[in-house]
Number of protein chains: 2
Amino acid sequence: MSSVPGMQTTDVARSDLKYNKSQLCSLCDVRSLGICGALDQTDLLQFERLGRHVHFAAKEALFTVGEPAGYVYNLTAGVVRLYRLLPDGRRQIIGFALPGDFLGTTAFDRYGFSADVIETVAACRVTRDAFSLFSESRPHLLRRINEFASRELMLAYDQMLLLGQRTAKEKVATFLIGWRDRLARIGDTKKTIRLPMSRQDIADFLGLSIETVSRTLTAFEREKMLVIVTGGVRLLDAGRAEALAAV
Amino acid sequence: MSSVPGMQTTDVARSDLKYNKSQLCSLCDVRSLGICGALDQTDLLQFERLGRHVHFAAKEALFTVGEPAGYVYNLTAGVVRLYRLLPDGRRQIIGFALPGDFLGTTAFDRYGFSADVIETVAACRVTRDAFSLFSESRPHLLRRINEFASRELMLAYDQMLLLGQRTAKEKVATFLIGWRDRLARIGDTKKTIRLPMSRQDIADFLGLSIETVSRTLTAFEREKMLVIVTGGVRLLDAGRAEALAAV
DNA sequence: CGAAGGATTGACGCTTCTCAAATAGGGTGG
DNA sequence: CCACCCTATTTGAGAAGCGTCAATCCTTCG
């Protein structure tokens, strides 16, 4: 295991997600996934000096909506929930962040949503000012940032379609398939889909009540579409789930 | 009125929204609202030669999801609905575009949603290639594009919060307030809120059925919050609507 | 003036929510 | 290692909000 000081190796290892063992960008496992994939060897060395590796335990906040956006984060391990609240406490989770995801980029000077930790996080943190300065002169990087923003927008539109039009069963199935595919993209291709977030998180992501999420999952289990295991589900009939999730 | 050839002046004038009377960017009414607000006098002259003024009648499509993204459009008059469909025809409207809005910008080579006309449209159309080339060397413009993308993302998050968490009454009230404020920003500050889109459009925007939208509006009318007039509503108790819409 | 499409209203039903209780799981201290 | 506690999850019963189906009304436009 890594001996990086301050790195909570046991937690992170248990999470079974990739992370940056070395603190060196050139050896970063998630580099190709993230925005840093647009950097060449020279840029990488310079970028390394801008960032600091930081860690957050479960439930800690990376940042909160409305507060001055001082940093951008490049996630290298863990899971983060991104959300907004209504004044009376109703919560809409707008997404879950995984290694390779870039958080806090905005054209404005305040964060547009809150972010807190579901599963122990390691991240490469850069001040927004330094990051702006660094990226300004690198069209390659700017283009990649743009691509990431476009992708986020497309994901947001997908989610609007889901929230506005889909039934509870479709919502849950769509969530499972989407989450499975995201895990696969970061290298987690096991047959059982890990679900580090709580049922309440899933409910707030899908615009359902926690009871409906639970009932829908047990219904899927009765129908032999999946089995619920601790910490996740195992898909038995991926085809049926994909059909329910069809765009 | 203008005598620009091909300009459907009567339709556009009836719409009561601002538009580009002159075909000259320097005289464009919505320039300050749109992306072009980032251009100085010199740039403007060059930009003028890239664009072509085009018009679309109601129900015409500007573009369709998935098709190669050949153009970007800078709306100068009219109203456009932006949407995605599920295979079985369920539709989610992801937004309405007004003069000053920029459509078709994406980091990818295909449109991420469909766009068709609610109310006769005039737009400044530029090929994506020409636009990319033009913007590449203008950091000012790039930054503004970035700001617009960020704003769109924030709007998408607002809408996710609305779709996932709000009740029918809150949805309709939030829509009315948001639409009123957008009309105000383009100079339409009359007391009655024009609603050029159909009830079905509103329903598909809010994730409701058309009947629920209709019932909710009549409920608001019974409660003396507004009066329904042809082509819009007139707010009697804006405070109450704003309270229902509170973020 | 009549036809056609959009909007409203009513009756009814179903999906989903709410409230409440039971169960399971994970962590802690003895 | 086990018992206990705390929290998350599941399950049930009942209610309600919203959707569906269908009829009527209104507006627009030929």
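Naming: A, B, ... by sequence-line order, numbering from 1 per chain.
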Find the distance [X]:[atom1] to [N]:[atom2] and express it as a whole number of Å.
X: D201(A); N: dT9(D); atom1: CG; atom2: C1'; result: 13 Å
X: E221(A); N: dT11(D); atom1: CD; atom2: C1'; result: 13 Å
X: R166(B); N: dC17(C); atom1: CZ; atom2: C1'; result: 19 Å
X: L208(B); N: dT15(C); atom1: CG; atom2: C1'; result: 15 Å
X: D204(A); N: dT9(D); atom1: CG; atom2: P; result: 12 Å

| For R194(A) and D188(A), what are the C-alpha separation, side-chain angles and deciding distance, and is it a salt bridge (charged side-chain N to carboxylate O under 4.0 Å, His left out)? | CA-CA 9 Å; R194(A) 278 173 22 81; D188(A) 182 346; 3.8 Å; yes
Keeping the roles fixed (side chain from [X], backbone from [Y]), state whether a donor-acceptor pair exists under 3.5 Å.
X: Q92(A); Y: L162(B); result: no
X: Q165(A); Y: R91(B); result: yes
X: T174(A); Y: E170(A); result: yes
X: R110(A); Y: G66(A); result: yes
X: D101(A); Y: L98(A); result: yes

| Going by the angle between their ring planes, with limits at 30° and 60°, are Y111(B) and F63(B) parallel, tilted or perpendicular? | parallel
| Close approaches to DNA chain C from residues 167-176 of chain A, in residue order (heavy atom, under 4.0 Å) | T167(A), A168(A)
| message | Whether E223(A) and K169(A) form a salt bridge (side-chain N of Lys/Arg under 4.0 Å from carboxylate O of Asp/Glu) is what I want to check. | response | yes
| G207(A) near the nucleic acid: base, sugar-phosphate alone, or nothing, with a heavy-atom cut-off under 4.0 Å? | sugar-phosphate
| Which parts of nucleotides 25-30 of chain D does protein reach within less than 4.0 Å, heavy atoms only, written one letter per nucleotide 5' to 3' as B for base, S for sugar-phosphate only and - for none? | ------
| said: For the residue pair Y83(B) / D201(B), report whether a side-chain donor-acceptor contact shorter than 3.5 Å exists. | reply: no
| query | Does atom OH of Y71(B) have more than 12 heavy-atom neighbours from other groups under 6.0 Å away? | reply | no
Would you tabulate the nitrogen or oxygen pairs shorter than 3.5 Å linking the protein to nucleotides 7-11 of chain C?
{"from": "dA7(C)", "atom 1": "OP1", "to": "R199(B)", "atom 2": "N", "distance (Å)": "3.3"}
{"from": "dA7(C)", "atom 1": "OP2", "to": "R199(B)", "atom 2": "N", "distance (Å)": "3.3"}
{"from": "dT8(C)", "atom 1": "OP1", "to": "R199(B)", "atom 2": "NH2", "distance (Å)": "3.1"}
{"from": "dT8(C)", "atom 1": "OP2", "to": "R199(B)", "atom 2": "NE", "distance (Å)": "2.7"}
{"from": "dT8(C)", "atom 1": "OP2", "to": "S214(B)", "atom 2": "OG", "distance (Å)": "2.8"}
{"from": "dT8(C)", "atom 1": "O5'", "to": "S214(B)", "atom 2": "OG", "distance (Å)": "3.0"}
{"from": "dT9(C)", "atom 1": "OP2", "to": "T218(B)", "atom 2": "OG1", "distance (Å)": "3.3"}
{"from": "dG10(C)", "atom 1": "N7", "to": "R215(B)", "atom 2": "NH1", "distance (Å)": "2.8"}
{"from": "dG10(C)", "atom 1": "O6", "to": "R215(B)", "atom 2": "NH2", "distance (Å)": "3.2"}
{"from": "dA11(C)", "atom 1": "N6", "to": "R215(B)", "atom 2": "NH2", "distance (Å)": "3.3"}

| query | Quick check, are the ring centers of F102(B) and Y73(B) under 6.0 angstrom apart? | reply | no
